[in-house]
Amino acid sequence: MTNLHSTVAAVTARISQRSRASRRAYPDLIARQQDGGTNRRRLACGNLAHGFAASGEDKPIIRAATAMNMGIVTAYNDMLSAHQPYARYPERIKIAARQVGATAQVAGGVPAMCDGVTQGLPGMELSLFSRDTIALSTAVALSHGMFEGALLLGICDKIVPGLLIGALSFGHLPTILVPAGPMPSGLPNKEKQRIRQLYAEGKVGREELLESESASYHGAGTCTFYGTANSNQMMMEVMGLHMPGAAFINPGTRLRDALTMAATHRLANIGWDGDDYRPLGRCVDEKAIVNAIVGLLATGGSTNHVTHLPAIARAAGIVIDWEDIDRLSAVTPLIARVYPNGEGDVNHFQAAGGMAFVIHALLDSGHLHRDILTVAGDDLGDYAREPQLEADEVVWHDGIHRSLDETMLRPPAHPFQADGGMRLVQGNLGRATFKTSAVAPERWNIEAPARLFSHQDEVLAAFRAGELERDVVVVVRFQGPRANGMPELHKLTPALGVLQDRGFKVALVTDGRMSGASGKVPAAIHLSPEALADGPIAKLRDGDIIRLSATDGVLNSLVDPVEWARRTAIPAPPSGQDTGRGLFAFMRHGASHAEEGASAMLAQLEV
């Protein structure tokens with residue numbers, strides 16, 4: 001067995017030491033809930049009768065409380081392509097539960113917004129805090145005490161983190177996340193990107209752009225680029241919270257349906273009444289969190305998770321910071337190139353070897369913890385196997401241990417990049433993340449005058465007016481969680497890409513988000529502290545020289561220190577109240593820093 005990499009071991013120990021008090025308290029909470037908390041066997045008759053009144057043929061079994069009753073928490077809606085397949089999952093899960101003598105009920109639904117629909121619009125300011133709304137909704141769903149296990153149906157950006165955060169408050173329940181898979185490949189992503197840039201330059205019209213987008217996002221399933229949604233699926237595999245190999249099987253296939261049945265059957269086997277009890281709170285420990293970070297780095301995943309992972313960890317009593325991620329990035333080889341970091345999409349990734357290859361390779365190189373408690377088997381080695389259908393049942397065979405396409409997947413000994421491509425940059429402007437795996441190395445360093453903006457639409461207006469036709473560091477501030485909910489700023493990508501293609505040195509610095517599908521322009525994102533929380537970014541002025549260096553891990557204003565000390569922060573623009581934004585004011589006002597998870601809810605959490 002390969003020894004664990006020394007840095008992976010050291011970072012895990014660092015996290016464990018930092019989390020000692022809170023992590024000690026969390027298992028105690030789990031034990032109290034299992035032994036003395038609300039559950040079916042302790043419900044009064046009136047409470048229990050309410051719980052099974054509409055359960056039809058399952059009523060006698062639920063009433064008797066002699067077999068597991070599974071709570072289904074679903075993020076189904078038919079506007080979001082990734083979640084549309086979930087419409088009939090509860091029906092199938094109930095059938096699968098009966099096959100093993102168990103029952104299942106839909107415990108509740110959670111919201112599932114689509115960043116692709118709200119991108120660049122006021123609704124995007126609700127996006128990050130939808131994660132906490134989902135966590136709260138999950139807690140409400142599981143609070144009835146009717147369930148001995150949970151199946152979480154969700155895939156996309158804030159939805160999986162929200163489901164997991166909420167379920168960790170019920171960490172005594174065995175829990176399996178159930179994906180629905182990516183849509184089949186459509187228009188190649190590079191072609192989509194080309195049309196977007198042509199539209200930004202005014203060279204094609206809206207009809208051509210809409211046709212391109214429709215050919216790319218064309219059916220049921222997750223978007224096929226390697227953004228936050230598909231990074232979620234990767235992380236659930238390396239944390240051992242899926243059935244092995246479940247992440248990237250297309251919707252509507254027999255194998256997809258069989259994996260859902262298998263997850264239901266497996267959940268029935270890992271309850272607290274048996275001899276293989278696997279509660280969620282024991283599965284999500286320091287080693288599992290480190291595995292999630294390493295998987296993210298090795299595959300070039302979404303930088304949105306530098307905010308989501310601290311939040312997930314905190315819900316389990318674990319405290320991580322960006323330095324942990326930076327240290328792991330320095331020793332984690334980049335072994336995958338999936339669009340926007342490469343040519344092929346997640347379907348091509350799956351065909352080239354997929355998660356079975358990635359997990360086998362990283363276990364073999366000592367970058368992943370093998371000895372974690374998974375929902376599926378003995379250890380993480382089970383996730384280096386691939387599911388196949390035999391006589392309508394899933395069986396697992398050894399996965400592909402060599403890449404079938406080295407333009408997309410490579411072994412750790414011959415990586416695309418020696419490190420994980422996610423750097424911490426810091427200096428007198430604060431701390432931020434720079435995704436080097438998406439940017440050509442010759443663009444990792446820039447020193448140029450700043451141009452200051454307080455809204456992404458202002459940037460686009462300046463671009464159209466020709467005001468950015470020069471070397472420039474575009475600074476978009478008052479985009480943090482306290483200011484406006486930290487919306488993603490993908491609307492800027494085509495315009496900044498055009499400037500870069502015209503030969504200018506261009507970079508973005510923001511206390512907002514620019515992730516998931518972020519591309520080739522160097523960007524220091526999630527800058528913390530944010531402008532509204534006395535962040536130094538609020539003291540910048542047009543023309544100030546900024547130095548951004550991923551090579552040296554530096555983000556500095558080069559303003560004379562005396563002048564810098566004399567300056568005061570500019571006032572924040574007013575917050576929007578329309579499109580539901582006013583309802584989320586309390587979440588903005590109490591939000592913690594991005595490095596701490598950007599959450600008012602978790603800032604108040606006492607384990």
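Keep in mind that the numbers below use all heavy atoms, side chains included, and drop hydrogens, waters and symmetry copies.
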Query raised in the report: So, the side chain of S231 versus the backbone of S302: is there a donor-acceptor pair under 3.5 Å, distance only?
Result: yes

Requested in this report: Tell me, please, which residues at least two apart from H172 pass ring-ring contact (aromatic ring centres under 6.0 Å, His included).
Outcome: W272

Query - Side chains of M486 and E530 in contact at under 4.5 Å (non-hydrogen atoms) - result: no

Query raised in the report: So, the side chain of E237 versus the backbone of A247: is there a donor-acceptor pair under 3.5 Å, distance only?
Result: yes

Query raised in the report: Would T103 and D58 satisfy side-chain hydrogen bond (donor to acceptor under 3.5 Å, both in side chains), going step by step from the backbone distance to the final call?
Result: CA-CA 6 Å; T103 55; D58 292 326; 5.8 Å; no

Query - R482/D511 ion pair, N-O < 4.0 Å - result: no

Query raised in the report: Does the side chain of N250 come within less than 4.5 Å of R256's, by heavy atoms?
Result: no

Query raised in the report: Considering residues, nucleotides and ligands other than H397, do more than 12 of their heavy atoms fall under 6.0 Å from its NE2?
Result: yes

Requested in this report: Go through D276 and N269 one step at a time and tell me if the side-chain hydrogen bond (donor to acceptor under 3.5 Å, both in side chains) criterion holds.
Outcome: CA-CA 7 Å; D276 195 17; N269 292 329; over 6 Å; no

Requested in this report: Could you please spell out the steps behind the side chain to side chain contact (heavy atoms under 4.5 Å, CB included) verdict for D285 and R23?
Outcome: CA-CA 9 Å; D285 62 6; R23 184 60 185 172; 3.4 Å; yes

**Report entry** Single hit among T579, T118, N484 for side chain to side chain contact (heavy atoms under 4.5 Å, CB included) with E125
**Finding:** N484

**Report entry** Check: Y226/T299 side-chain N/O donor and acceptor closer than 3.5 Å
**Finding:** yes

Query raised in the report: What do the steps show when you test I525 against L489 for side chain to side chain contact (heavy atoms under 4.5 Å, CB included), and what is the final call?
Result: CA-CA 10 Å; I525 56 178; L489 305 176; over 6 Å; no

**Report entry** Stepwise side-chain hydrogen bond (donor to acceptor under 3.5 Å, both in side chains) test for E488 and N304
**Finding:** CA-CA 9 Å; E488 289 192 306; N304 271 328; 2.7 Å; yes

Report task. For A313, check side-chain contact (heavy atoms from CB on, under 4.5 Å) against everything at least two apart and list the hits. Result -> I289, I318, I320

Query raised in the report: Salt bridge between R370 and D378, side-chain N to carboxylate O under 4.0 Å?
Result: no

Query raised in the report: Any side-chain heavy atom of V140 sitting closer than 4.5 Å to one from L136?
Result: no

Query raised in the report: Does F147 offer a backbone N or O that forms a donor-acceptor pair with the side chain of R40 under 3.5 Å?
Result: no

Query raised in the report: Is there a donor in the side chain of N232 and an acceptor in the side chain of H305, or the other way round, less than 3.5 Å apart?
Result: yes

Query raised in the report: Does any non-hydrogen side-chain atom of L173 lie less than 4.5 Å from one of L280?
Result: no

Query raised in the report: Is any side-chain N of the basic residue among R513 and D157 closer than 4.0 Å to the acidic one's carboxylate O?
Result: no

Query raised in the report: With distance as the sole criterion, is a donor-acceptor pair present between the side chains of N69 and E148 under 3.5 Å?
Result: no

Query raised in the report: Are more than 12 heavy atoms from other residues, nucleotides or ligands located less than 6.0 Å from atom CZ of R14?
Result: yes

Report task. Step through the shown structure and confirm whether more than 12 heavy atoms of other residues, nucleotides or ligands are within 6.0 Å of CD on Q99. Result -> yes

Requested in this report: Flag the pair P487 / Q479 as yes when at least one side-chain heavy-atom distance between them is below 4.5 Å, and no otherwise.
Outcome: yes

Query - Side chain to side chain, C114 and C156, heavy atoms closer than 4.5 Å - result: no

Requested in this report: Determine yes or no for a side-chain-to-main-chain donor-acceptor pair under 3.5 angstrom, with E386 supplying the side chain and G245 the backbone.
Outcome: no

Report task. Give me the one residue out of M514, E595, M422 that meets side chain to side chain contact (heavy atoms under 4.5 Å, CB included) with T433. Result -> M422

Query raised in the report: Is there a donor-acceptor contact under 3.5 Å from the side chain of N291 to the main chain of L368?
Result: no

Report task. Please check if the side chain of Y383 supplies one atom and the backbone of G240 the other of a donor-acceptor pair under 3.5 Å. Result -> yes

**Report entry** Backbone N/O of G123 and side chain of S127: donor-acceptor pair under 3.5 Å
**Finding:** no

Query raised in the report: Yes or no on side chain to side chain contact (heavy atoms under 4.5 Å, CB included) for N47 and M146, after CA distance, side-chain angles and deciding distance?
Result: CA-CA 10 Å; N47 302 97; M146 288 289 295; over 6 Å; no

Query raised in the report: With a 3.5 Å cut-off and no angle check, do the side chains of T303 and H526 form a donor-acceptor pair?
Result: no

Report task. Please check if any side-chain donor atom of N347 sits under 3.5 Å from a side-chain acceptor atom of T224, or the reverse. Result -> no

Query - Backbone of G51 reached by a side-chain donor or acceptor of Q105 within 3.5 Å - result: yes

Query raised in the report: Where is the tightest heavy-atom contact between M239 and A288, given as atom of each residue plus distance?
Result: CG-O, 3.4 Å

Report task. Heavy atoms only: give me the nearest W396-L259 pair and the separation to one decimal. Result -> CZ2-CD2, 3.9 Å

Requested in this report: Could you check R18 against D321 for side chain to side chain contact (heavy atoms under 4.5 Å, CB included), going step by step and ending with a plain yes or no?
Outcome: CA-CA 10 Å; R18 187 191 305 125; D321 62 24; 3.5 Å; yes

Query raised in the report: Would you say the side-chain atoms of Y76 pair up with the backbone N or O of L153, donor to acceptor, closer than 3.5 Å?
Result: no

Query - Distance flag, aromatic centroids of F349 and F248, threshold under 6.0 Å - result: yes

Query raised in the report: Would you call F170 and T138 a side-chain contact if the rule is heavy atoms closer than 4.5 Å?
Result: no

Requested in this report: Please check if the side chain of S329 supplies one atom and the backbone of I325 the other of a donor-acceptor pair under 3.5 Å.
Outcome: no

Query raised in the report: Does some side-chain heavy atom of V238 sit less than 4.5 Å from a side-chain heavy atom of L362?
Result: no

Requested in this report: Please determine if R92 and D257 form a salt bridge, counting it only when a charged side-chain N lies under 4.0 Å from a carboxylate O.
Outcome: yes

Query raised in the report: Can you name the closest pair of heavy atoms from P182 and V346 and give their distance?
Result: CB-CG2, 3.8 Å

